[in-house]
2 protein chains.
Amino acid sequence: MLGTPTSSRIAARREATQREILAAAWDAAREQGVAQLTLRDVAERVGMRPPSLYSHFASKHAIYDAMFGQGWAAYLEACRATRPSLPPEPRARLRAIAHQYFDYSVADPAWFQLLNQRLVPGFEPSAESYAPSLAVIEILREEMEEMGITDAAAMDLWVALVGGLVASQLANDPGGGRYRLLLDRAVEMYADHVGLPLGTTHRAEEENS
Amino acid sequence: MLGTPTSSRIAARREATQREILAAAWDAAREQGVAQLTLRDVAERVGMRPPSLYSHFASKHAIYDAMFGQGWAAYLEACRATRPSLPPEPRARLRAIAHQYFDYSVADPAWFQLLNQRLVPGFEPSAESYAPSLAVIEILREEMEEMGITDAAAMDLWVALVGGLVASQLANDPGGGRYRLLLDRAVEMYADHVGLPLGTTHRAEEENS
DNA sequence: GTCTATACTGTGATAGAC
DNA sequence: GTCTATCACAGTATAGAC
């Protein structure tokens, strides 16, 4: 029966249901926090009884895992979509990358918490769900390589710097813009440090605002 | 009866028990994670039944709150103790401050998670428990002021930078030293940015290793 | 595949005896 | 202050009818 129109339609229906469940899980996570996610809540949102979720996901962690993969896949897609329109000048390019990540995270703190912090108890993503995150890192590596930054440590420093600003924004000034205002300055500091050539006037550009 | 030897001894006994409970809570948090802390576990460690804890703390959040205050008070004490022996040269001084915070956090991730991340569900520290944290910030402000860094935004940038490195270390390389190796480099980057005068040779000094 | 019903565990928290 | 007993509830998971 495998591969027949019928089974493929069934499979499609199954996938659609899974996506629906995941969408409900994201909604719940955004409203109450990632760690506060409950199967009861998710089930209610999709019009199911909690046990029915087990027809689609083996456990709550499996849902987290799928969310993790889906979240990184979505950001990967956003990166790929934005890439062609990034400004060519290195500093402006770095600024645009930083702003994209920062704004994406602040617009969806649940996304940042699940994917980039360790906010869920004993959750470890599976290799499959981890893959898109590696693809994002690879894109970043390519971008930096094109700027002449080939040092792996320099990339770690970049990630820690931008991640630290996002985390500070969410923890110390949620809903505000205190750390977002520091973003251009932080990028400039980093660019100076890695020896990027000075760009043209830039503070006013704000590619991703 | 208030103020008599008897009542003060009783009060002292009470305080001792509270400290014992908090110590047990820290032990439990370090072993299983701050968010996984349970009253049962804490009670068992102090040889009590769980309900008895309510004679000393009004709720689980009250325990978190006391831990928060105690944790910042301990770090404040460490800061004050270290301060006289900090190197006078600005860059070396900044390096020492960064290393102290970094190593303190990495040595006790539970401390970092409770005090500096938002790892506990709906926990918000009380004003009283928050006070020692403000004192730490004030010390940092004074330190930076003496170096000529009076910009509040520059302090935010510092906190985000060092915090980002600690968080990355704990999340991406627990038990390792990948981000710790970046610390001196990050401090140098920051010092250049804020225009600190160049120090003498420093990479080899490692004041707080 | 989805439902109802149920089981089991663990949680923070309270009441009242001693 | 500490205990026993118990609550109310959330959480994950399974069995079996439809």
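None of the values given here were measured: they were computed from a predicted structure. Protein chains get the first letters and strands the later ones, always in sequence-line order, with residue 1 at the start of each.
Atoms CZ (B/Arg40) and P (C/dG12) sit 7 Å apart, rounded to a whole Å. When the C1' atom of C/dT4 is taken as reference, atom CZ of A/Arg49 falls 9 Å away, rounded to whole Å. D/dC9 atom P lies 17 Å from atom CG of A/Asp41, rounded to whole Å. Atom pair B/Ile63:CD1 and C/dT11:P shows a separation of 14 Å (rounding to whole Å applied). One interatomic measurement links the two molecules: NE2 of A/His56 to C1' of C/dC3, which rounds to 11 Å at whole-angstrom precision. A/Leu53 has its CG atom 12 Å from the P atom of D/dG11, to the nearest Å. Rounded to whole angstrom, the span from the CZ atom of B/Phe123 across to the P atom of C/dG12 amounts to 15 Å. Taking atom CD1 of B/Ile21 as the reference point, atom P of C/dG12 lies 14 Å away to the nearest angstrom.
Residue pairs meeting the salt bridge (Lys or Arg N to Asp or Glu O under 4.0 Å) criterion with at least one partner in residues 50-77 of chain B, sequence neighbours excluded, do not occur; the list is empty. Sequence neighbours left out, the pairs with a member in residues 111-120 of chain A that pass side chain to side chain donor-acceptor pair (under 3.5 Å) are A/Tyr101-A/Asn116.
For C/dG1, the OP1/OP2 oxygens have no side-chain nitrogen or oxygen of A/Arg13 closer than 4.0 Å. Taking 4.0 angstrom as the limit, A/Thr38 places none of its side-chain polar atoms (N or O) nearer than this to OP1 or OP2 of D/dA10.
Between the B/Arg91 side chain and the B/Leu196 main chain, a donor and an acceptor come within less than 3.5 Å of each other. Looking at B/Gln169, its side chain does come within 3.5 Å of a backbone N or O of B/Asp173 through a donor-acceptor pair.
Among the heavy atoms of the strands lying under 4.0 Å from B/Leu37 are primed sugar atoms or P, OP1, OP2 only; no base atom is included.
Residues satisfying the ring-ring contact (aromatic ring centres under 6.0 Å, His included) criterion with B/Trp158, sequence neighbours excluded, are B/Tyr190. Remark: B/Phe123 engages B/Tyr64, B/Phe68 in a ring-ring contact (aromatic ring centres under 6.0 Å, His included) (not counting sequence neighbours).
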Contact string for nucleotides 13-18 of chain D, one letter per nucleotide 5' to 3', B = base within protein heavy-atom range under 4.0 Å, S = sugar-phosphate only, - = neither, reads BB----

Taking distance alone, no hydrogens or angles, what donor-acceptor pairs closer than 3.5 Å link side-chain atoms of residues 43-52 of chain A to residues at least two apart or in another chain?
{"residue": "A/Arg45", "atom": "NE", "partner": "A/Asp41", "partner atom": "OD1", "Å": "3.0"}
{"residue": "A/Arg45", "atom": "NH1", "partner": "A/Glu31", "partner atom": "OE2", "Å": "3.4"}
{"residue": "A/Arg45", "atom": "NH2", "partner": "A/Glu31", "partner atom": "OE1", "Å": "3.0"}
{"residue": "A/Ser52", "atom": "OG", "partner": "A/Arg49", "partner atom": "O", "Å": "3.4"}

